[in-house]
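What follows is a set of notes on a single structure, which appears directly below.
For ligands, and for the atoms within them, numbers begin at 1 and follow the listed sequence.
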Amino acid sequence: MPDDNISQKELICAVATPPGRGALAIVRLSGKQAREVAEKITKTSLAARHALFTNFFNHDESVIDQGLTIFFQAPASFTGEDVVEFHCHGNPLVAESLLKVLCAEGARLATAGEFSLRAFLNNKIDLTQAEAIADLINSTTEQSARTATRSLQGAFSKRVQLILEKLIQARMHIEANLDFPDEEIDRQELKQIQLQLNDLNETLDELLRQAKLGERLQQGATIAIAGRPNAGKSSLLNVLAQSDVAIVTEIPGTTRDPLNADIQIHGIPVRLIDTAGLRKTKDVVESKGIERAQKALQQADLILWLVDASDEEFDELPDELDTKKVIAIHNKSDLVTIDNDADKLYISTITQQGITELLDVIGQRLGGQESGDTPFLARSRHVIALQQTQQNIQLAAQRLDDTSALELIAEDLRSAQQHLNEITGEFSSDELLGKIFSEFCIGK
Ligand SMILES: Nc1nc2c(ncn2[C@@H]2O[C@H](COP(=O)(O)OP(=O)(O)O)[C@@H](O)[C@H]2O)c(=O)[nH]1
Ligand SMILES: [Mg+2]
């Protein structure tokens, strides 16, 4: 990422719409000279927030295209700078020609996420909101898109801000006691601060719970289907994906390479992986498939362990599976009489009996049931920062039992505040900013 101060002075441009042909393409221009350059190539005079139908002229006075030109005057624009949008026809060659003319007039092509970076640097949005823009663009389920929008509107930042304010109050009291060491320490006051910190700890518990749900919604989950050959794993993948993704035969050992299907369960994006059946085999190809299956099982968030209910000889879990991740399922319920007392999950991929119940169980395990009201989308860096904040606050609260440790308490609280500020980006390193914004698409 170029140095912020220099880069912000430069005029940047990019195509903001996806590559390929379509009805329209939008070229964006941002920077101090945006208006001047736009007026030159449209040969019109622009008024803020008016959509004008204009020509876009090339240097030789030929017309590249015609379309709408909209001028957003600083600071009332996405980046906080003067911004012009050119809506041209959706042929990449047209947009390309427009970019060439803009570059000849002194603009340069924007790097990935540079428009959003400028919005952040100009205080139009904080870091969680910038991340929410990328998350909204990349959302694969309606629910994650809706939740990203809430983050973009500041739902997460506001919660962090509230905790920050209370934390700063507690810090002020502790620091005041430090500044006047000769005065008698007011034990009653310290007790009060301790109570406040305990309250904050509880608030953080709840915020962390929601952040973890938000993280699940943002990242999605990987679920592997495992079991002995012929248990019906590939049939289950096909039922859940509602399409014939995998080959199903009565021949054991049909599936070799792991197969994927991207679906959603209770609004959570899920990558489903069908694996080769686990068994001892001399077949070279099959045993390579089993190796890959075992790798997929290690990396999965959840494992659906499928057993043929009509042949339960081998229904015990292999030792190497992490039991915490396993949901045991008895397939081919159509072939057996179900023992209603048993606390077992029965399904049939042929009659589809039990599939809805299975989806509910999976949804519950992924936190999807509650994610219906997940108030914001989060990333693992947010969860980590909240955990560190909480640790510091807990430490400070414990130390308050021993009033001679005031300096350590002040340090804990300072550190807690720093971790909270990292979330909204108040004191973020260039390295972190570079990492976050480089994941954006060009033109955003
Ligand atoms: N009766 C019955 N047969 C099933 C069911 N699910 C799968 N099968 C059959 O079991 C055989 C193996 O299925 P497949 O999905 O290839 O199993 P995989 O080896 O675990 O992937 C096929 O002949 C399927 O038609 C079920 O729910 N009921
Ligand atoms: Mg199979």
Side-chain angles (χ1 to χ4, degrees), residues 221-265 270-323 325-365:
T222 307
I223 301 182
I225 308 176
R228 306 293 170 199
N230 260 4
K233 299 178 294 300
S234 298
S235 305
L236 180 59
L237 178 85
N238 290 347
V239 166
L240 294 179
Q242 295 179 357
S243 119
D244 279 337
V245 183
I247 298 173
V248 172
T249 73
E250 65 290 343
I251 306 163
T254 306
T255 310
R256 269 93 189 271
D257 286 325
L259 282 171
N260 295 341
D262 289 323
I263 61 167
Q264 49 169 301
I265 297 178
V270 167
R271 167 150 296 183
L272 212 55
I273 303 176
D274 177 25
T275 62
L278 303 181
R279 66 165 170 180
K280 290 198 167 50
T281 175
K282 290 207 168 71
D283 185 315
V284 184
V285 182
E286 193 183 352
S287 55
K288 286 241 183 268
I290 292 175
E291 259 173 50
R292 291 187 184 190
Q294 270 153 349
K295 204 162 175 191
L297 297 182
Q298 272 168 15
Q299 290 168 352
D301 298 301
L302 268 186
I303 297 170
L304 306 184
W305 176 251
L306 212 56
V307 176
D308 182 340
S310 65
D311 174 19
E312 299 203 17
E313 196 184 339
F314 295 114
D315 75 346
E316 78 287 355
L317 280 177
D319 293 339
E320 67 271 19
L321 289 192
D322 176 358
T323 48
K325 299 201 297 197
V326 171
I327 297 177
I329 304 161
H330 299 258
N331 187 30
K332 309 196 188 182
S333 64
D334 52 298
L335 297 181
V336 296
T337 26
I338 296 177
D339 173 7
N340 273 330
D341 294 336
D343 192 20
K344 285 181 180 172
L345 196 56
Y346 280 98
I347 64 161
S348 165
T349 66
I350 290 186
T351 66
Q352 305 233 348
Q353 191 231 341
I355 298 294
T356 314
E357 289 80 357
L358 172 62
L359 288 174
D360 285 345
V361 172
I362 297 173
Q364 228 154 22
R365 286 285 283 269

Review point. Are the side chain of D274 and the backbone N or O of L259 linked by a donor-acceptor pair below 3.5 Å?
Key: no
Point to revise | Heavy-atom check, side chain of R256 versus side chain of D283, under 4.5 Å | key: yes
Practice item. Check ligand 1 against E250 and write out every atom of the ligand that is under 4.0 Å from a heavy-atom position of the residue. Key: 23 (O)
Review point. Considering A276, A226, S234, which one's heavy-atom position lies nearest to atom 21 (O) of ligand 1?
Key: S234
Check your understanding: Should the proximity of T254 to ligand 1, defined as any heavy atom under 4.0 Å, be assigned to the side chain, the backbone, both, or neither?
Key -> neither
Exercise for review: Give the residue, atom name and distance (to 0.1 Å) of the protein heavy atom nearest atom 2 (C) of ligand 1.
Suggested key: I350 CD1, 3.3 Å
Exercise for review: Looking only at protein heavy atoms, identify the closest one to atom 8 (N) of ligand 1 and say how far it is in Å.
Suggested key: K332 CE, 3.7 Å
**Study point:** Close-contact set for ligand 1 against G232 heavy atoms, below 4.0 Å
**Key:** 7 (C), 13 (O), 14 (P), 15 (O), 17 (O), 18 (P), 20 (O)
Check your understanding: Hey, does the side chain of K233 reach the backbone of L306 with a donor-acceptor pair shorter than 3.5 angstrom?
Key -> no
Check your understanding: For atom 25 (O) of ligand 1, what's the nearest protein heavy atom and its distance?
Key -> V248 CG1, 4.0 Å
Check your understanding: Nearest to atom 7 (C) of ligand 1, what protein heavy atom do you find, and at what distance?
Key -> S235 OG, 3.3 Å
Revision key, fill the gap. Of all protein heavy atoms, the one nearest atom 1 (N) of ligand 1 is D334 OD2, 2.9 Å
Review point. Are the side chains of L240 and I265 in touch, meaning some heavy atoms are under 4.5 Å apart?
Key: no
Review point. With side chains defined as the heavy atoms from C-beta onward, is the minimum distance between T349 and N238 less than 4.5 Å?
Key: no
Review point. Is there a side-chain contact between I225 and L272 (heavy atoms, below 4.5 Å)?
Key: yes
Practice item. Select one of side chain, backbone, both or neither to describe which atoms of L335 lie under 4.0 Å from any atom of ligand 1, heavy atoms only. Key: side chain
Check your understanding: What about D274: any of its N or O atoms under 3.5 Å from an N or O on ligand 1?
Key -> no
Check your understanding: Is a side-chain donor or acceptor of N230 paired with a backbone partner of E250 at a separation under 3.5 angstrom?
Key -> yes
Review point. Among protein heavy atoms, which sits nearest to atom 5 (C) of ligand 1, and what does the distance come to when rounded to 0.1 Å?
Key: T349 OG1, 3.3 Å
Review point. Just by distance, do the side chain of K344 and the backbone of I338 share a donor-acceptor pair under 3.5 Å?
Key: no
Review point. Does S234 bring an N, O or S atom to under 2.8 Å of the Mg ion (ligand 2)?
Key: yes
Practice item. May I ask you to check if ligand 1 and P229 share an N or O to N or O distance below 3.5 Å? Key: no
Practice item. Answer yes or no: is there a donor N or O on one side and an acceptor on the other, between the side chain of R228 and the main chain of L278, under 3.5 Å? Key: yes
Point to revise | contact_flag G227 ligand 1 heavy-atom lt 4.0 Å | key: no
Point to revise | atom 22 (C) of ligand 1: the protein heavy-atom neighbour that sits closest, reported with distance to 0.1 Å | key: T249 O, 3.4 Å
Practice item. Tell me whether T255 has at least one N, O or S atom under 2.8 Å from the Mg ion (ligand 2). Key: yes
Check your understanding: Is the backbone of P258 close enough, under 3.5 Å, to the side chain of T275 for a donor and an acceptor to pair up by distance?
Key -> no
Point to revise | Side-chain heavy-atom pair L236, N331 within 4.5 angstrom cut-off | key: no
Practice item. Please write down residue, atom name and distance for the protein heavy atom closest to atom 19 (O) of ligand 1. Key: N230 N, 2.8 Å
